[in-house]
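All remarks here apply to the structure that follows.
Lettering follows sequence order; numbering is per chain, from 1.
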Amino acid sequence: MCLAVPGRVLDVEERDGTRMATVDFGGVVKEVCLEYLPDLQVGEYTIVHVGFALQRLDEESARRTLDLFENLGLLEEEFGDPWEAAASEPVVAAGSEPAAAAPATATATATATAAETLTREVGR
Amino acid sequence: MKYIEEFQNPDLAKRLLDEIHATVTRPWALMEVCGGQTHSIIRHGIDQLLPEQIELIHGPGCPVCVTPLEMIDKALEIASRPGVLFCSFGDMLRVPGSGRDLFQVRAAGGDVRVVYSPLDALKLARQNPDRQVVFFGIGFETTAPPNAMAVHQAARLGVPNFSMLVSHVRVPPAIEAIMCSPDCRVDAFLAAGHVCSVMGTGEYPELAERFRVPIVVTGFEPLDILEGVRRSVRQLEAGRHTVENAYPRAVRPEGNPAARAMLADVFEVTDRAWRGIGTIPGSGWRLSERYRAFDAEHRFSVEDVTTLEPAACRAGEVLQGLLKPHECEAFGTVCTPRTPLGATMVSSEGACAAYYLYRRLGGTPVPAAGKEANPVG
């Protein structure tokens, strides 16, 4: 949730006395509040955090960051289904002994497997 | 220089690294404050590209990780109450409280919802006037203004069934606490870029001067981090200690004035406990008197929740930069993302999760997930 994602403003409208926009994050479209950047216009890029536009960004920086986030799987983490991720994990109470801990073998295969697992586990 | 080909601009990365290597004459410890920066550093092997004299210490920059156990237990208690619709960001679902997590509360029949924005929680409150809708308000200065807006809107629109469990934290007092610690070995800070997008850089010159420590506002892309390191090292080697902005495309000196004004209206500074670290004076926000009616802690009387911290978890030392994740005995054995002892292992921004994900187990490093290394240089 600390992640702030660049996006492009598609349209702007007033809702319930609040300035709102729809913003495109590399294909995912979300509703975004513009109260902290009230003069943002359609077509401009902005850094969005938990549904709020916080700063303007130039197009080149925005596109570069979006590409990076997509490659790192961070967009899926930011906009994916957290319940699906949490449901794939076993339920373990804090402080209890796990039944089987993952072995810490540093092989390329283990790396990929662990990474895939963790991406599901921590993604939201 | 392994893995440098993964950088977006390998030539620029190489130039920055060459300059850093040429500048360093002594050992320096740099603390990156933001958990996003930690993941970028470990993912791209930036720490291994730097000269041996430069150590990157991971700071307390993951909001989920520093949320105290008491507050998570209060969240679990409120979420379990009948008639409550509890809203949280997805990161919190698997963070263990004393004995369970939000996912388990939901499995046991609690109505726990994940929202993308605090305004979504407010919308749920308006759609469900017969329910008490509670939003878990955690996070640093980047997240606090959106959460402040949700409370402001609840007051403006008259939504009496909305409240917020507030556990917001502030970066500058954490930097102060780290510098005041007798164990502190931080020589410079890479300040969190998106925190500064909101707050600007005005809080840092006093800290830089008082502790004679360079503070460089840094983004989280690999090149941003190298630039932050380059500027920090240049200052340290020259005996300077000023505030520099290495992330100007997203950070203006004044930050975001509208967001700061809303923060000042809705919240007031308070002492705040940090998980594993303890209480840091003035390091948090709570709802100001004007908005106290929206405080879930008072509405649900959960002031006296008792907690049980797992003794084996050394997340507090990791959060203060005193211990690297792989140096913890529980790391990768008792404590894994599937079986986390503490939030630093389960949060997507936690340092332990970064080390686990990218297999930094204390031995030979392995390139980032799913990619083959093609060493160059």
**Report entry** Interface moiety of A:Phe52 toward chain B, non-hydrogen atoms closer than 4.5 Å
**Finding:**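 Answer is side chain: those atoms of A:Phe52 sit under 4.5 Å from chain B.
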
Query raised in the report: Which bit of A:Leu54 is near chain B, if near means a heavy-atom gap under 4.5 Å: side chain, backbone, both or neither?
Result: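 Both backbone and side chain.
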
Relative to chain A, which segment of [X] carries a heavy atom at a distance below 4.5 Å: side chain, backbone, both, or neither?
| X | answer |
| --- | --- |
| B:Pro257 | neither |
| B:Val251 | neither |
| B:Ala259 | both |
| B:Arg260 | neither |

Query raised in the report: Taking all non-hydrogen atoms of both residues, which atom of A:Glu35 and which atom of B:Ala258 are closest, and how far apart?
Result: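 Residues A:Glu35 and B:Ala258, closest heavy atoms: O-CB, 4.2 Å.
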
Query raised in the report: When you look at CD of B:Glu329, are more than 12 heavy atoms from neighbouring residues, nucleotides or ligands closer to it than 6.0 Å?
Result: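 No.
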
**Report entry** A:Glu14 CD: over 12 foreign heavy atoms closer than 6.0 Å
**Finding:**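 Correct, the count exceeds 12.
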
Query raised in the report: Are B:Arg126 and A:Asp16 ion-paired here, with the side-chain N under 4.0 Å from a carboxylate O?
Result: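 Salt bridge between B:Arg126 and A:Asp16, a charged N being under 4.0 Å from a carboxylate O: yes.
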
Report task. Look at B:Gly342, B:Pro145, B:Gly193, B:Gly255 and state which one has the largest set of heavy-atom pairs under 4.5 Å with chain A. Result ->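 Of the candidates given, the most pairs with chain A belong to B:Pro145.
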
**Report entry** Full working for side chain to side chain donor-acceptor pair (under 3.5 Å) between A:Thr65 and B:Arg249
**Finding:** CA-CA 12 Å; A:Thr65 302; B:Arg249 67 182 187 277; 4.6 Å; no

**Report entry** Interatomic distance, A:Met20 atom CE to B:Leu119 atom CG [nearest 0.5 angstrom]
**Finding:**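 Spacing of CE (A:Met20) from CG (B:Leu119) equals 5.5 Å.
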
Requested in this report: First locate atom OG1 of A:Thr18, then atom CG of B:Leu157, and finally report the distance between them rounded to the nearest 0.5 Å.
Outcome: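 That separation rounds to 6.5 Å.
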
Query - Main-chain N/O of A:Val50 paired to B:Ser117 side chain as donor or acceptor, under 3.5 Å - result: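 Checked: pair present.
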
Query - Check: B:Asn256 side chain, A:Tyr36 main-chain N or O, donor-acceptor pair, under 3.5 Å - result: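 Such a contact is found between B:Asn256 side chain and A:Tyr36 backbone.
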
Query raised in the report: Taking C-beta and beyond as the side chain, do A:His49 and B:His194 meet within less than 4.5 Å on heavy atoms?
Result: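 A side-chain contact under 4.5 Å is absent here.
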
